[in-house]
Number of protein chains: 2
Amino acid sequence: MGRGHMARRNTNRRVGIADVADKAGVSHATVSRVMNGNAAVDPGIAARVRAAAAELKYQPNPVGRSLALGKTDTIGIVVPDLANPTFQAILRGLSIAAAQDGYRVLIADSSEVTSEEAILAGEARRRCDGVVLCAPRMSDAELEELAPTLHPLVLINRTTVATNTPSLSVDYGQGIQELAQHLVSLGHQRLAFLSGPEHSASNRQRLAGLDQFRTGHPDIELQMLDGGSNFDSGHESTEAIIASGATGILAFNDLVAMGLLSGLHERGVRVPEDISVTGFDDIPFAKYTTPPLTTAAVPINELGSLAWRRMREQIQQAGESATQAQDEFPPRVEIRKSTAAPALKPAS
Amino acid sequence: MGRGHMARRNTNRRVGIADVADKAGVSHATVSRVMNGNAAVDPGIAARVRAAAAELKYQPNPVGRSLALGKTDTIGIVVPDLANPTFQAILRGLSIAAAQDGYRVLIADSSEVTSEEAILAGEARRRCDGVVLCAPRMSDAELEELAPTLHPLVLINRTTVATNTPSLSVDYGQGIQELAQHLVSLGHQRLAFLSGPEHSASNRQRLAGLDQFRTGHPDIELQMLDGGSNFDSGHESTEAIIASGATGILAFNDLVAMGLLSGLHERGVRVPEDISVTGFDDIPFAKYTTPPLTTAAVPINELGSLAWRRMREQIQQAGESATQAQDEFPPRVEIRKSTAAPALKPAS
DNA sequence: GAATCATGAGAAAGCGTTTTCTCAGAGCGT
DNA sequence: ACGCTCTGAGAAAACGCTTTCTCATGATTC
């Protein structure tokens, strides 16, 4: 009877701890002990167990372990759009850093659907030991309500009043001002900002930065144009940009700038001779555009690995809700070839 | 005692099924039943349970469910390099398609370390209901040995003799030949292939395709140059390309082509007037380079979602190892502006 | 009106681990 | 030689859920 049961299990199921125990002639508790090196086990028995495990190619079932240990060795990340190189870079940095500590990452793409974010984050949290929320589009109120339920949580490009949530953010307001300053110092008098997604917090920061810039430079014309966050929206804005008469264009990000570059090229508008264009983010492609893109570099590759470090800190000091660092990174203006002094106008 | 125990659990732990059962005055079995709508439950009791669950914001613990159900609703993907836009696109397509069916994806990046692939894949498989292996660099022998242990498995850009493993692959040999043909028909006589990573199966396919091309075109000069798979390697090959004297360059992929484009531009070599360049993959950026890149388009966005469909098919027909489709996609040559007839030479 | 049946809820087993609890036996001191 | 501690291994509980098994209750049928 018992044998029959065992036989069925052996053929049907994966090899489990019980099979190893049987083969080694010990209890499964002992197998667990030697596999984890937790308690002292007689060397002879340990060797027997290890031999049995090796012969059966036993690998502990992670689900069983997770249930017993109350941890999954997995963290979740939710991003608004996996097609965006910035988020791809963060995901990559996070994944590699986490892997080094034996953690995996589960990924959730909200596809810019704001209402899905909280749900995805909650699901991810339940499956994982923590979650990093990347540039969430949800409202401040919703974020404040959600954050405590997600702990351990790392925020990227958003902050919380809850001091026990570390956040990593880029000072977009500062960066866009520096880019505008760069254009002005080249001699541009008419600027235009091609803005990003409405619900993007980083777009609001850029807007705020430009407001500040305006007050410091009342003489400079600065138009605001609606745009998006990808190639196509940059490309589609070509006409509007040309019509604006601006000579210095601040694109929402590198993707938009690249789309614009392409559109301008098609229309025969020369960059930077006729129009200067700046991006934002310094994605890997930025220095390979023609002309190479002047942009504000954010530490895109470190963001992911730093996010992991902050997550690990929280996981290790389990329970204690110490106040966490809220890092803010200043972008670094990267001057390339897409910006230059404007052509001298016949009549100034 | 019991009360004390419960109280401690309530404060310490997350709310569990037992808490809902207590509150609704039923057994936890009944709670499970109404949550899953499995068996008939008295409507009154069901309502009471649902109310209690809602009030306590009860969400079943996925780890517990996974253990009981023997499935995790998660699939794993292992890629050689998350920085590669092709793999990013596949990951994205997979993730979105899987999410539509309520599955999540766990990601593993082997960082081109061949020896890690099997381990990562095995670990992923143990945690997930299936795994998709993306362009694995391992040897055929190793793949054949690994594949059965991973089932359900979907292979991308590799195939197995095991007929129960579906595979999705692109006919790189065919694509590269068509690109070469395109250059020749424009009038190019001297071609060069900037090859990719040594262990890449798709690179071998291109090499084989070009061998075939050679026999069909004995009059055409075709040089083979060593390269890599990213921007930088393309950029670094600039001098070698110029030195080669070739007028038609077949880059391993779009990334390499873009790096080369950039390098040629810096050197003042005009594309396509002086040299024609082709890429491969048609990554989203390809049509925004200057000039827009002629390339061979692979259905990069569908690959991920199709991979999910194949995975789902296997998961649904659990156990039955029916023979699975081995799809092969013909790339479509996308002629843009980076290729043109070569300049007429003074003396032919 | 008694035997049969359908309904539905609780008890309990099971999923695969880890870990606490328990206890047998060995080693030691007196 | 007796009792003590100590080591180490098995039994059993725990993790949080699903599902089978069991059985009470009330409805149905002749």
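A note on names: the letters A, B, ... follow the listed sequences, proteins ahead of strands, and every chain is numbered from 1.
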Could you tell me whether the side chain of [Y] reaches within less than 4.5 Å of the side chain of [X], counting heavy atoms only?
X: A:Glu313; Y: A:Gln324; value: yes
X: B:Pro136; Y: B:Leu155; value: yes
X: B:Arg33; Y: B:Ile45; value: no
X: A:Ile107; Y: B:Arg104; value: no
X: B:Leu106; Y: A:Arg127; value: no
X: B:Leu94; Y: B:Ile75; value: yes

Query - By salt bridge (Lys or Arg N to Asp or Glu O under 4.0 Å) - contacts of A:Asp129 (at least two apart) - result: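 Partners of A:Asp129 under the salt bridge (Lys or Arg N to Asp or Glu O under 4.0 Å) test: none.
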Report task. Just call it for B:Val26: base, sugar-phosphate, or nothing, with non-hydrogen atoms closer than 4.0 Å on any strand. Result ->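 Sugar-phosphate, backbone atoms only, no base.
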Nucleotide [N], atom [atom2] - distance to [atom1] of [X] in whole Å:
X: B:Lys71; N: C:dG16; atom1: NZ; atom2: C1'; value: 18 Å
X: A:Arg127; N: D:dG16; atom1: CZ; atom2: P; value: 16 Å
X: A:Asp73; N: C:dT18; atom1: CG; atom2: P; value: 12 Å

Report task. Please list residues of residues 55-62 of chain B whose heavy atoms come under 4.0 Å from any atom in DNA chain C, ordered by number; otherwise none. Result ->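 Residues of residues 55-62 of chain B under 4.0 Å from DNA chain C: none.
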[X] side chain, from C-beta outward: closest of [options]:
X: B:Asn36; options: C:dA11, C:dT18, D:dT18; value: D:dT18
X: A:Leu67; options: D:dT19, C:dA9, D:dG16; value: D:dG16
X: B:Asp42; options: C:dA9, D:dG16, D:dA9; value: C:dA9
X: A:Leu69; options: C:dG8, D:dG10, C:dT18; value: C:dT18
X: A:Ile17; options: D:dT19, D:dG8, C:dT18; value: C:dT18

Query raised in the report: Hey, is the side chain of A:Ser27 poking within less than 4.0 Å of OP1 or OP2 on D:dA11, counting only N and O atoms?
Result: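 Answer is no, no contact under 4.0 Å.
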Query raised in the report: Looking at B:Thr30, does any N or O in its side chain come under 4.0 Å of the phosphate oxygens OP1/OP2 on C:dA9?
Result: no
Query raised in the report: Is a donor-acceptor pair below 3.5 Å formed from side chain A:Arg33 to base D:dG10, judging by atom type as modelled?
Result: yes
Query raised in the report: If you find the nucleotide of DNA chain C closest to A:Met35 and the one closest to B:Gly64, which residue's nucleotide is nearer the 5' end?
Result: B:Gly64
Query raised in the report: Is it true that B:Arg137 and B:Glu117 have a side-chain N and a carboxylate O under 4.0 angstrom from each other?
Result: no
Query - Ion pair A:Asp327/A:Arg310, N-O distance below 4.0 Å - result: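 The answer is yes: the pair qualifies as a salt bridge.
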Polar atom pairs (N or O), protein with nucleotides 12-14 of chain C, under 3.5 Å:
none

